[in-house]
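Here the structure is laid out as structure tokens; the discussion comes afterwards.
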Amino acid sequence: MIGLIFGPPGSGKGTQASRIQHELGMAHLSTGEILRSEVAHASPVGKEAARIMAAGDLVPDDLIDRIVGSRLRRTEPGTSVLLDGFPRTIEQAKALDAMLAKLGRNVDFVVALDVPESLLVDRLLHRAAVEGRADDTREAIMERMHEYRARTAPVLDHYRHTGVPVAEVNGVGDLDEVFDRVREALKRALGQPRYKGRAGGI
Ligand code: B4P
């Protein structure tokens, strides 16, 4: 099973991904986390990505595709994977479809979180005060919202048009409330026989 968690910056992707991963026994692959770790280690990739991320821009597609491709190829065949923060452009979505086709796999579901932009900005400014992430400045947040609207939002239509089940979820509310909605939306999108919660994995 390959799933995607999709939504604008601050919509709770990372937060809900860790719950879905636990519920469905999936490996979690977050491109944002991988990039932050590369930046922290000052690797060549990290040096290339640091300035781009701090400005709120998207890292080049070819760099991201190589990062995800190498990790997917290293995954044991049949492992369920939840992709978080990828794909973020139509080009990345097409690259992912091609990578998965080579492995005889495909995207099985998308969970799309919906949260109004004013609330997203408040959440990210709150996180800035708590965690001090380099890309949570007001200016970078505005740029991330712009990139999301211009380049990432169309990715959802790419999957709708290719017939992948899309579970759309209202992401406003406390974490448990949102996760209850995610679980119900996934059951509807996948159908009860394919949705095997914590007891069975996928
Ligand atoms: P990400 O790490 O994916 O950052 P994000 O979009 O802000 O999502 P994140 O997971 O951190 O936040 P979440 O919504 O969970 O990417 C960071 C940067 O890396 C990008 O801007 C880009 O530069 C680069 N990048 C990553 N992937 C890329 C790709 N594929 N292509 C190109 N570039 C790429 O949560 C945000 C906050 O809200 C948290 O503090 C959380 O506690 C809070 N929150 C969550 N749910 C809540 C709720 N229900 N109520 C209240 N608060 C909540």
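Remember, it's 1-based here, ligands and their atoms both numbered in the order they're listed. What's counted below: heavy atoms across the whole structure, side chains too, no hydrogens, waters or symmetry copies.
The shortest N or O to N or O distance between F86 and ligand 1 is not below 3.5 Å. By the 3.5 Å distance cut-off applied to N or O atoms, G173 is counted among the residues near ligand 1. Note: an N/O pair closer than 3.5 Å links K13 and ligand 1 by distance alone. Among the atoms of T31, some N or O lies under 3.5 angstrom from an N or O of ligand 1. On a distance-only criterion, G85 and ligand 1 share at least one N/O pair closer than 3.5 Å. Checked by distance only, ligand 1 and L35 stay at 3.5 Å or farther apart across all their nitrogen or oxygen atoms. Taking any N or O of I64, backbone or side chain, none lies under 3.5 Å from an N or O belonging to ligand 1.
Shown here is R149, whose CZ atom has more than 12 heavy atoms of other residues, nucleotides or ligands within 6.0 Å. Enclosure of atom CD in E139 is not indicated, since only 12 or fewer non-hydrogen atoms of other residues, nucleotides or ligands lie within 6.0 angstrom.
Counting heavy atoms under 4.0 Å from ligand 1, residue M53 touches it through both backbone and side chain. Counting heavy atoms under 4.0 Å from ligand 1, residue Q92 touches it through the side chain alone.
Around atom 51 (C) of ligand 1, the closest heavy atom drawn from E143, R88, R123, R36 belongs to R123. Taking only non-hydrogen atoms, the option from D65, L113, T15 nearest to atom 45 (C) of ligand 1 is T15. The option from G56, P8, P9, G12 that lies nearest to atom 13 (P) of ligand 1, judged by heavy atoms, is G12. Nearest residue to atom 46 (N) of ligand 1 from L175, T152, L124 is L175 (criterion: closest heavy atom).
Taking every heavy atom of both residues into account, A17 and H28 meet most closely at CB-NE2, 3.5 Å. Annotation for E48 and I52: closest pair O-CD1, 3.4 Å, computed over non-hydrogen atoms.
Heavy-atom separations between D57 and ligand 1 include at least one value shorter than 4.0 Å. The shortest separation from a heavy atom of S11 to ligand 1 is under 4.0 Å, placing the residue in contact. Residue contacts with ligand 1 include R133, since one or more of its heavy atoms lies under 4.0 Å from the ligand.
For atom 10 (O) of ligand 1, the closest non-hydrogen atom on the protein side is G14 N, 3.2 Å. With hydrogens left out, the protein atom closest to atom 9 (P) of ligand 1 is R127 NH1, 3.9 Å, a heavy atom. For atom 7 (O) of ligand 1, the closest non-hydrogen atom on the protein side is R144 NH2, 2.6 Å. Distance from atom 33 (N) of ligand 1 to its nearest protein heavy atom, with residue and atom name: V59 N, 3.1 Å.
Contact check for T152 versus Q92: no side-chain heavy atoms found under the 4.5 Å cut-off. With a 4.5 Å cut-off on side-chain heavy atoms, F179 and V169 do not count as touching.
At a threshold of 4.0 Å, the pair R36-E33 does not count as salt-bridged, since none of the basic side-chain nitrogens sits closer than that to a carboxylate oxygen. A salt bridge links E177 to R181: one of the charged nitrogens lies within less than 4.0 Å of a carboxylate oxygen. Between D157 and R160 there is a salt bridge, since a side-chain N of the basic residue sits under 4.0 Å from a carboxylate O of the acidic one. Of the charged side-chain nitrogens involved, none lies within less than 4.0 Å of a carboxylate oxygen, so that R19 and D180 do not count as a salt-bridged pair.
The contact set between ligand 1 and D135, taken as ligand atoms under 4.0 Å from a residue heavy atom, comprises 17 (C), 18 (C).
Applying the side-chain contact (heavy atoms from CB on, under 4.5 Å) test to P154 and every residue at least two apart in sequence or in another chain returns I90. Residues that satisfy the side-chain contact (heavy atoms from CB on, under 4.5 Å) test with T75, not counting sequence neighbours, are T79, V81.
When the options H126, R144, R123 are evaluated for a side-chain hydrogen bond (donor to acceptor under 3.5 Å, both in side chains) with D136, the one that passes is R144.
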